[in-house]
A.B. asks: 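Before anything else, here's the structure in question.
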Amino acid sequence: MERDTTEPCVEDLPGERARAQVAYHHATAAPSTYVYEFVWDYTAPADGPFCTDIDGNVLLDFTSHVGAAPLGYNNPDLRSRLAAFDLVDPLKIAGQDFYAASGPPGDAPIPGAADLMDRLTEVTDGMDTVFLSNSGAEAVENAIKICYDHTSGEYAVTFHGAFHGRTLGALSLNRSKSVYRREFPEISGVHDVPFCTDRSCDATTCGCGFFTDDGSQLRRMLDPETGFVPPEETAYVVVEPVQGEGGYRFPSDAFASELAEVVETHDLLLVADEIQSGMGRTGEFWASDHYPFDPDVVAAGKGLRVGATIASENVFPDETSRLSSTWGGGDVLACAQGALTIDVIREQNLLDNARERGAQFHETMADETLPGVVDVRGRGLMLAVEFDTEARRDDTMAAALERGLLTLGCGHKTLRILPPLDATAREIELGCSLLGEAVRAV
Ligand SMILES: Cc1ncc(COP(=O)(O)O)c(C=O)c1O
């Protein structure tokens, strides 16, 4: 497969083999787990955003595995670095449990957990300490645990539309679809306020209900005199700098400034959930880097291949075993992949590329006349198209897939587009053209 010339080519999707594979998967998978009908053939050619499914269809994948594969398929740089790792040695795949594997610092043949943590502190301003875990939800769990521990507070604030994962602690912070939370027990004391729905609003034009005559609902809720959540008993405010599952919602400057001001006024810990928006997706390493608020704790995952809770050392508990995990940080291979992914993003200036290709997407879509499209938004390569109805969004995703373009839904009427961070101009043009065709066909 030649990345520079490949075009998507779909015969039948889902094809016979994909349908059989999905049925086989469902035979043992918990019934409520969602499985895409696209079945990637990892033995077949794949390069950048192009992959082949098990029926031989060639697809342009603009989902990057929900952001978990920021470098797309078979990134040559990542592959050649990982190939240097001889997986045959069982010590190298034994995992790292409680061992500080893979040293000595700086000249380990393959980067391990310590290297990954070191890289993460390099890309995260003012933070010097990391706890590794197995998933995004665990990164959030540990983020809020350290905040409860650090402050002894019993209250917390989250935002309407939020999604932070599916473990019990993390789901208590969720305010997106009811399916995630309904009837599950929750941690108490979590209050919510509206999240910005209009990225260009200010306090006077805001339509989401966040702003009020006397400031904002957040400010009002935490007012020591008249509010109902005592700031000195509040452990944290948790925010997705850009809401993912909730509909790719980008906060306005006014919203971001008000959040920054309120957490500063009350000296509250701010947790940024960067699991979807981080790792360069928006053209900065963390999406928070675009905004005036400074998180005290960052939760990351997906493209890292492990979960990571990042903060200053003083926010973490000192007591041994207060935080721990047998498989925290996965195995050496997972840590290596996370660390090398960060290296490739930095060495290949993929933040710049994400910004440039994102701008290209906007310019190209602005030239299209797209019936039923009510908004095209995004930062870097965290992109979204919102439709007038859910049905039109769903039909457009299906029509795009028929043309070989893989996309994802989010929110209720929005389609998300996450090309790999090294997407080329040709690939963005191709994706826009297939998307435009799909919209018009619907
Ligand atoms: C913003 C956000 N937080 C948390 C999670 C949970 O991550 P994981 O699925 O790795 O547990 C996700 C997953 O999509 C996410 O988008």
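Below, all heavy atoms of this structure are taken into account, side chains as well, without hydrogens, waters or symmetry copies. Whatever order the structure lists them in is the order used to number ligands and atoms, beginning at 1.
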A.B. asks: Salt bridge or not between D352 and R355? Use side-chain N to carboxylate O under 4.0 Å.
C.D. replies: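 Yes, D352 and R355 are salt-bridged.
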A.B. asks: Would you please classify the geometry between the F250 ring and the Y248 ring as parallel, tilted or perpendicular, with 30° and 60° separating the classes?
C.D. replies: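 Ring orientation, 0 to 90° scale: perpendicular.
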A.B. asks: Tell me whether the rings of W40 and H65 are parallel (<30°), tilted (30 to 60°) or perpendicular (>60°).
C.D. replies: perpendicular
A.B. asks: Salt bridge or not for R346 and E122, using N-O below 4.0 Å?
C.D. replies: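 So R346 pairs with E122 through a salt bridge.
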A.B. asks: Quick one: are I345 and L71 in side-chain contact, heavy atoms under 4.5 Å?
C.D. replies: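 When only atoms from C-beta onward are counted, L71 and I345 do touch, with a gap below 4.5 Å.
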A.B. asks: Over 60° means perpendicular and under 30° means parallel, so tell me whether F195 and F159 are parallel, tilted or perpendicular.
C.D. replies: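 F195 vs F159 ring planes: perpendicular.
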A.B. asks: Would you please write out the protein residues whose heavy atoms approach any atom of ligand 1 to under 4.0 angstrom, listed by chain and number?
C.D. replies: S135, G136, A137, F163, H164, G165, E240, D273, I275, Q276, K302
